[in-house]
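Atoms within each ligand, like the ligands themselves, are counted from 1 in listed order. Since this is a predicted model, take the numbers as computed values, not measurements.
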Amino acid sequence: MRLKTSHNEEVATLQRLKRNAEHQLKTLKISSKKQIDELKKEQERDLNTIVDLHQQLDNLKNTHKTKIESARKTSEMWRGLFHDQKRQLVIKERELRTAVSLRMKELSAHPMAKEQQRKYKTFLCEICTLEFGQEEERTPRVLGCGHTICLRCCEMIARPDQIQCPFCRVVTKLTGRTISHLPKNYLALNMALLCSDNEKAM
Ligand SMILES: [Zn+2]
Ligand SMILES: [Zn+2]
(Lines give C-alpha, C1' and ligand atoms only; values in the text may rest on other atoms or scores of the structure.)
(Ligands and ions follow the chains in the order given, each with its own letter.)
Protein backbone atom coordinates (compact mmCIF):
# COMPACT_ATOMS: atom_id res chain seq x y z
CA MET A 1 0.00 0.00 0.00
CA ARG A 2 2.81 2.36 0.98
CA LEU A 3 4.67 1.27 -2.12
CA LYS A 4 1.72 2.17 -4.30
CA THR A 5 1.38 5.53 -2.63
CA SER A 6 5.05 6.32 -3.20
CA HIS A 7 4.70 5.16 -6.79
CA ASN A 8 1.73 7.46 -7.28
CA GLU A 9 3.66 10.36 -5.77
CA GLU A 10 6.52 9.71 -8.14
CA VAL A 11 4.17 9.64 -11.09
CA ALA A 12 2.61 12.90 -9.94
CA THR A 13 6.03 14.52 -9.59
CA LEU A 14 7.04 13.29 -13.01
CA GLN A 15 3.81 14.57 -14.49
CA ARG A 16 4.36 17.96 -12.84
CA LEU A 17 7.90 18.04 -14.18
CA LYS A 18 6.61 17.12 -17.62
CA ARG A 19 4.00 19.90 -17.48
CA ASN A 20 6.65 22.36 -16.38
CA ALA A 21 8.92 21.27 -19.17
CA GLU A 22 6.09 21.54 -21.69
CA HIS A 23 5.22 24.99 -20.42
CA GLN A 24 8.84 26.11 -20.68
CA LEU A 25 9.08 24.68 -24.17
CA LYS A 26 5.92 26.51 -25.21
CA THR A 27 7.20 29.79 -23.76
CA LEU A 28 10.53 29.28 -25.50
CA LYS A 29 8.80 28.55 -28.79
CA ILE A 30 6.69 31.69 -28.50
CA SER A 31 9.61 33.90 -27.60
CA SER A 32 11.85 32.52 -30.33
CA LYS A 33 9.02 32.92 -32.85
CA LYS A 34 8.74 36.56 -31.78
CA GLN A 35 12.49 37.01 -32.18
CA ILE A 36 12.42 35.40 -35.60
CA ASP A 37 9.53 37.63 -36.65
CA GLU A 38 11.39 40.71 -35.48
CA LEU A 39 14.53 39.60 -37.27
CA LYS A 40 12.51 39.04 -40.42
CA LYS A 41 10.98 42.49 -40.12
CA GLU A 42 14.40 44.02 -39.56
CA GLN A 43 15.75 42.21 -42.59
CA GLU A 44 12.82 43.49 -44.64
CA ARG A 45 13.51 47.05 -43.47
CA ASP A 46 17.18 46.64 -44.37
CA LEU A 47 16.23 45.34 -47.79
CA ASN A 48 13.94 48.31 -48.32
CA THR A 49 16.72 50.66 -47.28
CA ILE A 50 19.10 49.01 -49.74
CA VAL A 51 16.53 49.29 -52.54
CA ASP A 52 16.02 52.94 -51.61
CA LEU A 53 19.76 53.61 -51.68
CA HIS A 54 20.04 51.93 -55.07
CA GLN A 55 17.23 54.11 -56.34
CA GLN A 56 18.94 57.25 -55.02
CA LEU A 57 22.23 56.20 -56.58
CA ASP A 58 20.52 55.63 -59.93
CA ASN A 59 18.87 59.04 -59.68
CA LEU A 60 22.20 60.68 -58.92
CA LYS A 61 23.83 58.88 -61.83
CA ASN A 62 21.07 60.02 -64.16
CA THR A 63 21.27 63.63 -62.96
CA HIS A 64 25.03 63.58 -63.36
CA LYS A 65 24.72 62.11 -66.85
CA THR A 66 22.15 64.73 -67.84
CA LYS A 67 24.35 67.53 -66.51
CA ILE A 68 27.43 66.24 -68.34
CA GLU A 69 25.40 65.82 -71.51
CA SER A 70 24.03 69.36 -71.34
CA ALA A 71 27.50 70.79 -70.56
CA ARG A 72 28.90 68.91 -73.55
CA LYS A 73 26.12 70.23 -75.77
CA THR A 74 26.68 73.79 -74.53
CA SER A 75 30.42 73.62 -75.14
CA GLU A 76 29.85 72.12 -78.59
CA MET A 77 27.42 74.93 -79.37
CA TRP A 78 29.96 77.58 -78.31
CA ARG A 79 32.71 75.88 -80.27
CA GLY A 80 30.43 75.85 -83.30
CA LEU A 81 29.59 79.53 -82.86
CA PHE A 82 33.26 80.41 -82.42
CA HIS A 83 34.18 78.49 -85.59
CA ASP A 84 31.39 80.22 -87.50
CA GLN A 85 32.54 83.64 -86.34
CA LYS A 86 36.13 82.85 -87.19
CA ARG A 87 35.18 81.57 -90.64
CA GLN A 88 33.06 84.66 -91.26
CA LEU A 89 35.93 86.90 -90.16
CA VAL A 90 38.34 85.10 -92.48
CA ILE A 91 35.88 85.46 -95.37
CA LYS A 92 35.31 89.13 -94.50
CA GLU A 93 39.05 89.77 -94.35
CA ARG A 94 39.57 88.07 -97.72
CA GLU A 95 36.74 90.14 -99.23
CA LEU A 96 38.20 93.34 -97.82
CA ARG A 97 41.67 92.50 -99.13
CA THR A 98 40.25 91.75 -102.57
CA ALA A 99 38.21 94.97 -102.52
CA VAL A 100 41.21 97.03 -101.45
CA SER A 101 43.53 95.54 -104.07
CA LEU A 102 40.84 96.00 -106.76
CA ARG A 103 40.40 99.64 -105.74
CA MET A 104 44.18 100.14 -105.78
CA LYS A 105 44.33 98.65 -109.29
CA GLU A 106 41.46 100.89 -110.43
CA LEU A 107 43.11 103.95 -108.94
CA SER A 108 46.55 103.26 -110.38
CA ALA A 109 45.01 102.40 -113.78
CA HIS A 110 43.28 105.77 -113.89
CA PRO A 111 45.25 108.18 -116.16
CA MET A 112 44.79 111.09 -113.74
CA ALA A 113 46.10 108.96 -110.90
CA LYS A 114 49.18 108.00 -112.89
CA GLU A 115 49.77 111.64 -113.68
CA GLN A 116 49.31 112.55 -110.03
CA GLN A 117 51.70 109.84 -108.85
CA ARG A 118 54.38 110.93 -111.31
CA LYS A 119 53.92 114.52 -110.26
CA TYR A 120 54.20 113.62 -106.59
CA LYS A 121 57.32 111.59 -107.18
CA THR A 122 59.06 114.21 -109.29
CA PHE A 123 57.86 117.61 -108.18
CA LEU A 124 57.57 117.27 -104.45
CA CYS A 125 60.35 117.29 -101.90
CA GLU A 126 59.98 113.81 -100.44
CA ILE A 127 61.15 114.98 -97.02
CA CYS A 128 58.71 117.83 -96.33
CA THR A 129 56.23 116.79 -99.11
CA LEU A 130 55.94 120.42 -100.28
CA GLU A 131 56.10 121.28 -103.97
CA PHE A 132 59.32 122.66 -105.41
CA GLY A 133 59.15 126.32 -106.46
CA GLN A 134 61.10 129.43 -107.39
CA GLU A 135 61.45 130.94 -103.91
CA GLU A 136 64.96 130.21 -102.65
CA GLU A 137 63.97 127.79 -99.89
CA ARG A 138 61.64 125.78 -102.21
CA THR A 139 64.28 125.23 -104.88
CA PRO A 140 65.25 121.57 -105.47
CA ARG A 141 68.91 120.85 -104.69
CA VAL A 142 70.94 117.87 -105.90
CA LEU A 143 73.19 116.10 -103.41
CA GLY A 144 76.43 114.35 -104.39
CA CYS A 145 74.57 111.02 -104.52
CA GLY A 146 72.05 112.36 -107.07
CA HIS A 147 69.04 112.56 -104.75
CA THR A 148 67.05 115.81 -104.73
CA ILE A 149 65.46 117.61 -101.77
CA CYS A 150 64.40 121.21 -101.18
CA LEU A 151 66.86 123.82 -99.85
CA ARG A 152 64.96 124.24 -96.62
CA CYS A 153 65.24 120.49 -95.88
CA CYS A 154 68.96 120.65 -96.78
CA GLU A 155 69.38 123.40 -94.18
CA MET A 156 67.48 121.35 -91.60
CA ILE A 157 69.66 118.24 -91.92
CA ALA A 158 73.04 119.84 -92.76
CA ARG A 159 76.05 119.66 -90.42
CA PRO A 160 78.60 122.55 -90.53
CA ASP A 161 80.70 120.96 -93.30
CA GLN A 162 78.66 118.09 -94.69
CA ILE A 163 75.18 116.84 -95.45
CA GLN A 164 74.05 113.20 -95.30
CA CYS A 165 71.42 112.05 -97.81
CA PRO A 166 68.29 110.98 -95.91
CA PHE A 167 67.49 108.36 -98.60
CA CYS A 168 70.81 106.57 -99.19
CA ARG A 169 72.94 107.99 -96.31
CA VAL A 170 75.77 108.98 -98.68
CA VAL A 171 77.63 112.01 -97.29
CA THR A 172 78.14 115.13 -99.47
CA LYS A 173 81.11 117.26 -98.28
CA LEU A 174 80.46 120.99 -98.33
CA THR A 175 84.20 121.88 -98.01
CA GLY A 176 83.76 125.59 -97.37
CA ARG A 177 80.70 125.98 -99.59
CA THR A 178 77.28 126.92 -98.16
CA ILE A 179 74.14 124.96 -98.91
CA SER A 180 73.01 127.55 -101.44
CA HIS A 181 76.01 126.44 -103.53
CA LEU A 182 74.46 122.97 -104.00
CA PRO A 183 73.41 122.66 -107.67
CA LYS A 184 69.73 123.22 -108.47
CA ASN A 185 67.76 120.40 -110.11
CA TYR A 186 66.34 122.46 -112.99
CA LEU A 187 64.42 119.54 -114.47
CA ALA A 188 62.46 119.07 -111.23
CA LEU A 189 62.00 122.83 -110.85
CA ASN A 190 60.75 123.35 -114.42
CA MET A 191 58.40 120.39 -114.26
CA ALA A 192 57.01 121.65 -110.94
CA LEU A 193 56.45 125.12 -112.42
CA LEU A 194 54.86 123.65 -115.55
CA CYS A 195 52.59 121.54 -113.41
CA SER A 196 51.46 124.43 -111.22
CA ASP A 197 50.87 126.55 -114.37
CA ASN A 198 48.69 123.77 -115.77
CA GLU A 199 46.75 123.57 -112.53
CA LYS A 200 46.17 127.33 -112.56
CA ALA A 201 44.99 127.15 -116.18
CA MET A 202 42.50 124.38 -115.38
ZN1 LIG B 1 61.86 119.65 -98.39
ZN1 LIG C 1 71.03 109.91 -101.82
Side-chain angles (χ1 to χ4, degrees), residues 63-202:
T63 317
H64 194 59
K65 221 166 109 181
T66 316
K67 274 185 183 166
I68 285 178
E69 187 67 19
S70 95
R72 198 176 57 82
K73 272 186 187 157
T74 312
S75 97
E76 257 174 26
M77 188 191 78
W78 280 113
R79 206 178 303 145
L81 269 177
F82 177 72
H83 272 286
D84 272 2
Q85 294 269 324
K86 206 174 146 191
R87 207 172 44 230
Q88 275 173 18
L89 274 176
V90 169
I91 291 170
K92 198 90 199 155
E93 198 196 338
R94 208 175 298 150
E95 279 173 6
L96 274 173
R97 275 179 194 281
T98 315
V100 166
S101 73
L102 266 176
R103 188 83 190 115
M104 297 271 276
K105 264 185 204 162
E106 269 173 32
L107 280 175
S108 58
H110 199 278
M112 277 291 279
K114 274 189 178 163
E115 190 59 35
Q116 207 75 357
Q117 277 171 7
R118 212 173 303 134
K119 179 187 156 189
Y120 273 91
K121 270 237 171 285
T122 324
F123 316 128
L124 286 186
C125 167
E126 284 185 71
I127 304 301
C128 62
T129 69
L130 292 174
E131 278 183 44
F132 295 128
Q134 271 178 316
E135 317 105 81
E136 184 69 1
E137 66 170 19
R138 298 270 11 103
T139 50
R141 300 295 175 136
V142 187
L143 302 178
C145 57
H147 279 119
T148 299
I149 53 178
C150 73
L151 184 81
R152 202 173 110 82
C153 286
C154 287
E155 280 169 349
M156 302 273 277
I157 60 176
R159 300 262 175 83
D161 60 339
Q162 68 178 49
I163 179 165
Q164 189 180 30
C165 174
F167 304 115
C168 66
R169 305 206 165 278
V170 167
V171 171
T172 303
K173 294 274 179 200
L174 291 172
T175 53
R177 296 177 301 169
T178 62
I179 285 162
S180 57
H181 284 107
L182 284 170
K184 285 182 187 171
N185 182 340
Y186 282 103
L187 179 65
L189 180 58
N190 289 338
M191 293 304 268
L193 292 176
L194 198 70
C195 222
S196 78
D197 282 351
N198 279 352
E199 265 170 21
K200 275 175 203 156
M202 270 163 76

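Shown here for Asp84 and Arg87, the closest heavy-atom pair between the two residues is OD1-NH2, 2.9 Å. Of all non-hydrogen atoms in Gly144 and Thr172, the two that sit nearest each other are N-OG1, 3.0 Å. Closest non-hydrogen pair, Phe132 versus Ile149, comes out as CE2-C, 4.1 Å.
Heavy-atom neighbours of Phe167 CZ from other residues, nucleotides or ligands within 6.0 Å: above the threshold of 12.
Side-chain contact between Cys154 and Ile163: present, with at least one pair of heavy atoms (C-beta onward) separated by less than 4.5 Å. Looking only at side-chain heavy atoms (C-beta outward), Val142 and Lys184 stay at 4.5 Å or farther from each other.
Within the protein, the number of N, O or S atoms lying under 2.8 Å from the Zn ion (ligand 2) is 4.
Ionic pairing of Arg72 and Glu69 is present here: one or more N-O contacts between side-chain nitrogen and carboxylate oxygen are shorter than 4.0 angstrom. Ion pairing between a basic and an acidic side chain is recognised when a charged N comes within 4.0 Å of a carboxylate O; Arg141 and Glu136 show such pairing. The pair Arg97-Glu93 meets the salt-bridge criterion, with a side-chain N (NZ, NE, NH1 or NH2) lying under 4.0 Å from an Asp/Glu carboxylate O.
Around the Zn ion (ligand 1), the protein atoms of type N, O or S found under 2.8 Å away are Cys125 SG, Cys128 SG, Cys150 SG, Cys153 SG, listed by chain and number.
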